[in-house]
Amino acid sequence: MIIGSQKPIDEIWGMVKDFHKVLVFGCNTCVAICHAGGEKEAETIATLLRMRASQEGKEMTVDFSSVMRHCEPEYFVPVMDDLKKYDLILSTACGVGVNFLSDRTGTIPVYPGINTSFYGAVESPGDFVELCAGCGNCILHLTGGICPIARCSKTLMNGPCGGTNKGKCEVSKDIDCAWYLIVERMKKLGTLEKLAEIQPARNWSTSRDGGPRRVSLEHIRAYEEQEEKKTESEGGKK
Amino acid sequence: MKSGSNLEKVLKSGQPAVTAELGPPMSADPHEVIKKANILKGFCDAANITDCQTAVVRISSIAAAAIALREGLEPVMQMTCRDRNRIAMQADLLGASALGLKNCLCLAGDHQSFSAAGRLKGHPGAKNVYDVDTCQLVGILKKMRDESKQEGGDPLEVAPKFFIGASWTPMGDPIDIRPMNLLKKVNAGADFIQTQGIYDIELFRSQMEKIRKMGLHEKTAILGGVIVPKSAMMLKYMDSSVAGVSVPKALIERMNKAKEAAGDDKKKARELQEAEGIKLAVELVQQVLETPGVRGVHIQAIEWESAIEGIVKAAGLYPRPTFPTE
């Protein structure tokens, strides 16, 4: 899932201080699980902003609400009329949600209420870890299920480098060396010799380097179009 | 000859090769490079010109290498994968070759957060590149040289003829993967290898035994690394903090003794430790060269280039071979 983290309240205040009707708008999927931007966190941010506004003598109404997901129109279409009552929406969804909503709110700005951190997992309660970089060309079968693109500080495909120190990355004693993990994992799997194969230079065009990406499923689109036509003709009969 | 570089000639002649290191300054002043080049000239077959080592901005490796070459010191330009994508790398390689550079050492590079181990501000917020890694960069150099082709496949009318090098950390972690690590660099096309600094000669020899069994010492020229120790503190730091370097207690003890012999005299303590460091380096050079499968030494006297002359002479490696110019 997408992991988010809270922004410092001073930074948020800097964004919102000149608005009068602010909605802190939460998203109850990924960012709620990581305690960054669900309804509970949206409520907390709204409370903090109200306090700040009164401390600084600003006339400001701050409300909060939330929907299940910001990344599909069906969830926020029903509340769109409510959203339009505000002069700023502070979305605590991930960056996807902020972008997606911002494209649909006309003259009302949508600002980011959290930082979108990474694609990760819940390692233990309250501990989230990045495990995938969404590079668009998965090679996990070659590396024992451990991603060197997301987890090696140098995205090396033919690691480890000379910086591995007691299983840790040269960047910090708190970062596991991904290649150390890969080697240990592949030893266990009995596939270590596979690492002798040189992985060629990657085609990064499937990653961010190819520009914004899109996945288009022709069969789903064709089906949807057909259904729409059916509904239209059925409506015509009536 | 693949490149016709002096280093390649020395290795081809079968004599043990000696390489040293020249760190360019954090300044636009060429005189530092000129000064260091003249200190090293004649005492090594080629000198590595570091590429923003420890992730600190300095005169670029290529520019400093061109200056060194002008001074009569053969350079080994270094190229890290940290700062350039494959377009910039190949453009720089063409330019470097056009400037007359003939050796190139491919490296991953210290991570941008390194900032001289925290002693300088550096640029920890920089974006790193790592479009390709060391193995892939070695392959690019080989493809350019041997197939006259860019990585993408476009032809090169005149190919850059580099003697291709890579680094190897024989005692790096996890140690049992390190021989395979070398195998990949050799298979990618590394003509020569410079290793991380060796203090634990027994451990190095046991790694070299594996390398000989794999026959890698015949496919590439391995130059064992020796980092000249300057003080007991430096040895302790390298033992605890430098990846892939372990320093036997006995060596640290020797340096400690040298330090203690000076009592409270700090200047004398420094001099005695430096003298002991040079003695130690000479012993290490000899032990590395006595290791079967090793074809030379890479002596790093970090910010202490003047130490090289004494070490090379005391190790019986002077004068360096010369070859008639073509």
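To find a chain, count down the sequence lines: A is the first, B the second, and so on, and within it residues start at 1.
- A 4.5 Å side-chain heavy-atom check between B/Y130 and A/M157 finds every atom pair outside the cut-off.
- Top candidate by heavy-atom pairs under 4.5 Å with chain B, chosen from A/G159, A/S153, A/G163, is A/S153.
- Interface remark: B/E151 contributes side-chain atoms only to the contact with chain A (heavy atom separation under 4.5 Å).
- For a residue to count as touching a neighbouring chain, one of its non-hydrogen atoms must lie under 4.5 Å from one of that chain's; by this rule A/P160 touches chain B with backbone and side chain alike.
- Counting heavy atoms from C-beta on, the side chains of B/C81 and A/K154 never come closer than 4.5 Å.
- In this structure a side-chain-to-backbone donor-acceptor pair under 3.5 Å is missing from A/N158 to B/C135.
- With a 4.5 Å cut-off on side-chain heavy atoms, B/H111 and A/C169 do not count as touching.
- Under the 3.5 Å distance criterion, the side-chain polar atoms of B/Q136 are matched with a main-chain donor or acceptor of A/Q199.
- When side chains are defined from C-beta on, B/N187 does not count as touching A/E197, because their heavy atoms never get closer than 4.5 Å.
- If you measure heavy-atom distances from A/V183 to chain B, the contacts under 4.5 Å come from the side chain alone.
- At a 4.5 Å heavy-atom cutoff, A/K173 makes no contact with chain B through either its backbone or its side chain.
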* Decide salt bridge (Lys or Arg N to Asp or Glu O under 4.0 Å) for A/R202 and B/D131; before the verdict, give the C-alpha distance in whole Å, the side-chain angles of both, and the deciding distance to 0.1 Å. => CA-CA 8 Å; A/R202 275 174 75 88; B/D131 175 23; over 6 Å; no
